[in-house]
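Side-chain atoms are counted along with the backbone in the values below, which use heavy atoms only and exclude waters and symmetry mates.
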Amino acid sequence: MKNMFKSILFFAFAMILLVGCSTEAPGASSESSSDEGASDDGSVKVGLSISTLNNPFFVTLKEGAEEQAKAKGIEIVVVDAQNDSAKQVSDIEDLIQQGVDVLLVNPTDSAAVSAAIESANSADVPVITLDRSAEGGEVVAHIASDNVAGGKMAGDFILEQLGSEGKVVEIEGIPGSSAARERGEGFHQSVDAVDTIEVAAKQTADFDRAKGLTVMENILQGNKDIQAVFAHNDEMALGALQAIEAAGLSDIVVVGFDATEDAVKAVEDGRLAATVAQKPAVIGQKGIDTAIQVASGETVEEFIPVELELVK
């Protein structure tokens with residue numbers, strides 16, 4: 001009798017242990033249990049490194065990207081390099097550490113950014129460049145207007161306005177940036193083919209309005225016999241225009257690049273002759289769309305163009 005009582009107690013205790021060790025809900029499979037807590041919810045986190053937010057063009061590009069990210073329901077983290085190449089490299093390293101799935105990079109300097117892009121490559125983070133290209137590292141796509149074509153468009157317009165004869169000033173963007181190099185290349189494809197056009201001065205103003213003003217003031221001090229100015233962006237064009245107006249000159253053809261709000265208004269007011277529009281908001285939107293495709297494992301085009309037009 002005593003042994004039978006012990007057997008019953010042992011059997012009851014074993015059943016309690018068996019029930020207590022099972023944590024699955026009724027009907028749950030072992031497969032669903034092993035997937036519990038997985039974070040694969042299809043969300044995408046995009047990092048955007050902007051060269052500078054002290055330029056209306058790049059503010060519009062950022063806003064275009066943010067609006068598209070919100071519309072698509074994805075997370076975007078934006079950092080501002082403030083036109084500092086070293087800060088941009090550090091910013092990109094931080095974005096990699098934050099676990100972004102895709103990097104959108106608008107380089108301050110096309111060569112200096114290469115090290116950061118190589119870091120992203122090592123971390124298996126795909127990189128897409130916007131507006132300005134990178135000279136090193138692996139980039140899955142580049143989204144931009146054709147800057148060479150835009151520079152040539154500006155040069156052709158100046159030739160038309162001057163009757164293919166006169167002296168022209170070129171105000172260049174940041175040395176080392178692909179935008180400055182390519183816009184200058186396109187401009188010279190146009191004007192260098194005409195013997196009666198002289199590029200009388202060529203100076204850098206770093207895509208900055210205040211520097212554009214100073215550079216143009218210095219040029220005019222040495223030579224007021226200028227018929228046209230091509231600036232690699234609108235900020236420098238507006239700075240140059242301010243210097244020209246302050247000098248009491250009104251017949252110099254000034255052409256910018258970007259079609260920022262201030263520049264378009266200056267064209268409408270008859271102060272700025274023209275600006276090449278390359279639609280920064282569209283570049284930002286396409287950046288997000290391409291990032292989503294890349295994160296999903298889709299193959300994308302290496303160069304994704306954004307249409308240009310001349311505002312005059």
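The closest side-chain heavy-atom distance from V199 to V191 is below 4.5 Å. Under the 4.5 Å side-chain criterion, counting only non-hydrogen atoms from C-beta, E75 is not in contact with V44. Between V125 and V102 there is no side-chain heavy-atom pair separated by less than 4.5 Å. Counting heavy atoms from C-beta on, the side chains of M236 and D208 never come closer than 4.5 Å. At least one side-chain heavy atom of D262 sits less than 4.5 Å from a side-chain heavy atom of R209. Between V113 and T108, every side-chain heavy-atom pair lies at or beyond the 4.5 Å cut-off. At a threshold of 4.5 Å between non-hydrogen side-chain atoms, the residues D94 and I96 do not count as touching. Between Q203 and I171, the closest side-chain pair of non-hydrogen atoms is not below 4.5 Å.
Of all heavy-atom pairs between S145 and L308, the closest is CB-CD2, 3.4 Å. Contact detail for F58 and S51: the closest heavy-atom pair is CE1-OG, 3.5 Å. Residues D234 and A259 share a closest heavy-atom pair of OD2-N, 2.6 Å. Residue V59 comes nearest to L53 through the heavy atom pair CG2-O, 3.5 Å, listed as atom of the first residue, atom of the second, then distance. Shown here for Q285 and Q68, the closest heavy-atom pair between the two residues is O-CG, 3.7 Å. What you find for G173 and T204 is that their closest heavy atoms are O-CG2, 3.3 Å.
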**Message:** Show, in sequence, the C-alpha distance, side-chain angles and deciding distance for I174 and N83, and conclude whether the side chain to side chain contact (heavy atoms under 4.5 Å, CB included) test is met.
**Reply:** CA-CA 9 Å; I174 295 173; N83 269 336; 3.5 Å; yes
**Trace of the side chain to side chain donor-acceptor pair (under 3.5 Å) decision for Q88 with D109** = CA-CA 9 Å; Q88 182 160 53; D109 183 289; over 6 Å; no
**Request:** Starting from the C-alpha separation in whole Å, work towards a yes-or-no answer on salt bridge (Lys or Arg N to Asp or Glu O under 4.0 Å) for D206 and K211.
**Result:** CA-CA 7 Å; D206 296 332; K211 291 181 181 179; 2.9 Å; yes
**Prompt:** Taking it one step at a time, do N54 and Q82 satisfy side chain to side chain donor-acceptor pair (under 3.5 Å)?
**Reply:** CA-CA 7 Å; N54 194 32; Q82 300 171 9; over 6 Å; no
**Prompt:** Where do I128 and V105 land on the side chain to side chain contact (heavy atoms under 4.5 Å, CB included) test, with the steps shown first?
**Reply:** CA-CA 6 Å; I128 298 165; V105 179; over 6 Å; no
**Item:** side chain to side chain contact (heavy atoms under 4.5 Å, CB included) assessment of L162 paired with V168
**Value:** CA-CA 10 Å; L162 299 187; V168 183; 4.1 Å; yes
**Request:** In sequence, state the C-alpha distance, the side-chain angles, and the governing distance for V169 and K202, and then conclude on side chain to side chain contact (heavy atoms under 4.5 Å, CB included).
**Result:** CA-CA 6 Å; V169 167; K202 182 166 69 170; over 6 Å; no
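Separating the NZ atom in K152 from the CG atom in L159 is a distance of 8.5 Å, to the nearest 0.5 Å. The distance from the CZ atom of F187 to the CD atom of E172 is 10.0 Å, given to the nearest 0.5 Å. Note that the NZ atom of K62 and the CG atom of L48 stand 8.5 Å from one another [nearest 0.5 Å]. The distance from atom CD1 of I197 to atom OG of S164, rounded to the nearest 0.5 Å, is 6.0 Å. Put simply, CE on M153 and OG1 on T275 are 11.0 Å apart, with the number rounded to the nearest 0.5 Å. Taking CD1 of I117 as the reference point, atom CG of L103 lies at 8.5 Å (rounded to 0.5 Å).
Of the possible donor and acceptor atoms, one in the side chain of R132 sits under 3.5 Å from a partner among the backbone N and O of P107. Of the possible polar contacts, one joining the T214 side chain to the A210 backbone as a donor-acceptor pair under 3.5 Å is found. Side-chain atoms of T290 never come within 3.5 Å of backbone atoms of G287 as a donor-acceptor pair (strictly under, hydrogens ignored). In this structure a side-chain-to-backbone donor-acceptor pair under 3.5 Å is missing from D258 to N233. For N147 (side chain) and A179 (main-chain N/O), no donor-acceptor pair under 3.5 Å exists by modelled atom type. With hydrogens and angles ignored, the 3.5 Å screen pairs no side-chain donor or acceptor of S110 with any backbone N or O of A134. Judged purely by atom type and a 3.5 angstrom limit, Q227 uses its side chain to pair as donor or acceptor with the backbone of K167. For R183 (side chain) and H232 (main-chain N/O), a donor-acceptor pair under 3.5 Å exists by modelled atom type. In this structure a side-chain-to-backbone donor-acceptor pair under 3.5 Å is missing from S90 to A86.
Shown here is E185, whose CD atom has more than 12 heavy atoms of other residues, nucleotides or ligands within 6.0 Å. The environment of E298 atom CD is dense: over 12 non-hydrogen atoms of other residues, nucleotides or ligands sit within 6.0 angstrom. More than 12 heavy-atom neighbours from other residues, nucleotides or ligands sit within 6.0 angstrom of CD on E245. Atom CG of D225 has more than 12 neighbouring heavy atoms from other residues, nucleotides or ligands inside a 6.0 Å radius. For CD of E301, the number of neighbouring non-hydrogen atoms (other residues, nucleotides, ligands) closer than 6.0 Å is 12 at most. Crowding of K87 atom NZ: a count of heavy atoms from other residues, nucleotides or ligands under 6.0 Å exceeding 12.
I50 and V77 are assigned to two separate hydrophobic clusters, defined by single-linkage of ILVMFWY side chains at heavy-atom distances under 4.5 Å. Residue I219 is not grouped with residue L213 when hydrophobic side chains (ILVMFWY) are merged at heavy-atom distances under 4.5 angstrom, including chains of intermediate members. Under a hydrophobic clustering in which Ile, Leu, Val, Met, Phe, Trp and Tyr are joined whenever their side-chain heavy atoms come within less than 4.5 Å, directly or via other members, I292 and L104 fall into the same cluster. With hydrophobic clusters built from ILVMFWY side chains whose heavy atoms lie under 4.5 angstrom apart, V140 does not share a cluster with F303. Using a 4.5 Å cut-off between side-chain heavy atoms of Ile, Leu, Val, Met, Phe, Trp and Tyr, with links allowed through other members, V253 and F257 fall into the same hydrophobic cluster.
With 3.5 Å as the limit, one finds no donor-acceptor pair spanning the side chains of S133 and H142. Side-chain N/O atoms of Q278 and D131 include a donor and acceptor closer than 3.5 Å. Inspection of the S119 and E93 side chains reveals an N or O donor paired with an N or O acceptor under 3.5 Å. In this structure, a donor-acceptor pair under 3.5 Å is absent between the side chains of S49 and D91.
Salt-bridge check for E135 with R181: passed, with a basic side-chain N closer than 4.0 Å to an acidic carboxylate O.
Checked options L241, I244, V255; the residue passing with V229 is I244 (criterion: side-chain contact (heavy atoms from CB on, under 4.5 Å)).
Qualifying ring pair (Phe, Tyr, Trp, His ring centres under 6.0 Å) partners for F57, counting only residues two or more places apart in sequence or in other chains: none.
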